[in-house]
Protein chains: 2
Amino acid sequence: MGEEIPKIIIGRLPLYLRVLRRLKNEGEVYASSQELGEMLDISGAQIRKDLSHFGELGKRGTGYEIEFLIEKIRQILNINQVWNIAVVGIGDVGHALARYNGFVNRGFKVTAIFDSNEKKVGTEVQGLVIRDIKDLKEVIHKEDIKIAAVATPASAAQSVTDSLVENGIKAILNYAPIYLKVPDDVLVEYIDPAIHLQKLSYYLG
Amino acid sequence: MGEEIPKIIIGRLPLYLRVLRRLKNEGEVYASSQELGEMLDISGAQIRKDLSHFGELGKRGTGYEIEFLIEKIRQILNINQVWNIAVVGIGDVGHALARYNGFVNRGFKVTAIFDSNEKKVGTEVQGLVIRDIKDLKEVIHKEDIKIAAVATPASAAQSVTDSLVENGIKAILNYAPIYLKVPDDVLVEYIDPAIHLQKLSYYLG
DNA sequence: TAGATTGTTAATCGATTAACAATC
DNA sequence: TAGATTGTTAATCGATTAACAATC
């Protein structure tokens, strides 16, 4: 129970959740590891192994009860609650994030948006007022925000990150095309479309 | 030489490229594997091992010549050319992609944008006219497009993908929150902010 | 009971790290 | 030459897969 779960397994749980939700929507009640594996292009053995870290979640001979497994994974990932998210930098990407409806029911809600441009501050996006980046401290504490998305230009990303960390942010989704320096107890995930495309072009010869 | 390079190594090359470019901008001429490793939070040994797959690219006692290594990695990744990109689905995400300037100088250029909404078709984004999705075939061939980004709603993503594949697209950057079924010779990379956030929230207890 | 599928062990496979001779 | 750092081998570590007894 107390064992450390490998990061790579945690990384697959959200994918399991996504296909389980789809199956549930389609009216399915049970799913076997093989069935799930085929939908994700991974082996059934791997899915069983991954899930076994969290207890005996399936029924021999039957498979996994979808509704139960969804609830279980939501618990494991701590998304049986809604996390408030701050978005910093309301350019195209920040704007898209603020309006993104893929967060609904997946555990997250953008509740604060920031920019440093005086012309943007005070205007609204999706019913949220863009706040001045100077108000970071106040808003983060008031809204009890622990996760932030950095969508500023690369030049501003590190200093914005430093402010976020200083104000208690523990996890960052970084869209700026640089590696962010953060303390060991702060987590960062990177999203950079150019990086993803560069992986693809290798194989296009 | 003829050996297959592990996918995980190819995945790191774009990151190496990014820090090398940064060092070059800062006026540096040489970088050691340890220095690069510290900037990326990986070991120098791993960087040396990765690069050794492509020849003897460094100088013992000195490190790697930055400009040379950048050029070499660009060659390996096939981004010493510009790939035309099609973006399908011009909602917030598609719009952000069309206007994204992080592609410049990194090997890619959005040259065609598509939507199925008649009200959007014909309007311009970043100097590009939104084309009807029915014109996929014509435009893809005319512009010699091999890579596409899918930024449609989940419900349309698979059928759009099928059309793309039918028309010769070999690599897809998928923003729709579903797993896409494609033939073995077509590559897909996935970007889903909710999935990334779910990985983070696990660690927030 | 017969059939199906889990949970788990052991075997395999692959990636990372440590260490150091080669060499700039 | 002395110092530094690569390229590479061997050792270690970790992840995936195969196989099957347990059991629903």
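Worth knowing before you read on, the calculation uses all heavy atoms, side chains too, and leaves out hydrogens, waters and symmetry mates. Chain letters run A, B, ... following the sequence lines, proteins first and then strands; every chain starts at 1.
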Using a 4.0 Å heavy-atom cut-off across all strands, classify B/Leu57 as base, sugar-phosphate, or nothing. sugar-phosphate
Return the minimal non-hydrogen interatomic distance between B/Arg18 and A/Pro177, and the atom names on each side. CD-O, 3.2 Å
Side chains of A/Glu71 and A/Gln75: donor-acceptor distance under 3.5 Å anywhere? no
CD1 of B/Ile9 to CD of B/Glu4: how many Å apart, nearest 0.5 Å? 11.0 Å
Report yes or no: does A/Thr62 contribute a side-chain atom to a donor-acceptor pair with the main-chain N or O of A/Gly58 at less than 3.5 Å? no
Under 3.5 Å, side chain of B/Gln198 to main-chain N/O of A/Ile79, donor-acceptor pair present? no
I want to check something: taking the side chain as every heavy atom from C-beta on, are B/Arg21 and B/Leu17 in contact at a cut-off of under 4.5 Å? yes
Can you tell me how far CG of B/Leu204 sits from CD1 of A/Ile169, rounded to the nearest 0.5 angstrom? 9.5 Å
Please report, rounded to the nearest Å, how far the C1' atom of D/dT8 is from the NE2 atom of B/His53. 11 Å
Let me confirm one number: the CG-CD1 distance from A/Leu173 to A/Ile147, rounded to the nearest 0.5 Å. 9.0 Å
Provide, to the nearest angstrom, the distance between the CZ atom belonging to A/Phe68 and the P atom belonging to D/dC24. 14 Å
Could you verify whether a donor N or O on one side chain and an acceptor N or O on the other, from B/Gln158 and B/Asp162, lie under 3.5 Å apart? yes
Nearest-angstrom distance from the residue atom CZ of A/Phe54 to C1' of C/dT6: 17 Å
Short of 4.0 Å, heavy atom to strand atom, which residues of residues 14-41 of chain B count as contacting DNA chain C? none
Helical stems, DNA chain D - three or more consecutive Watson-Crick or G-U wobble pairs below 3.5 Å: C:3-24 with D:3-24
Whether each nucleotide of nucleotides 10-23 of chain D has a protein heavy atom under 4.0 Å at its base (B), only at its sugar-phosphate (S) or at neither (-) is summarised, 5' to 3', as -----SBBBB--BB
What is the distance, to the nearest angstrom, from the CD1 atom on A/Ile66 to the C1' atom on C/dT5? 15 Å
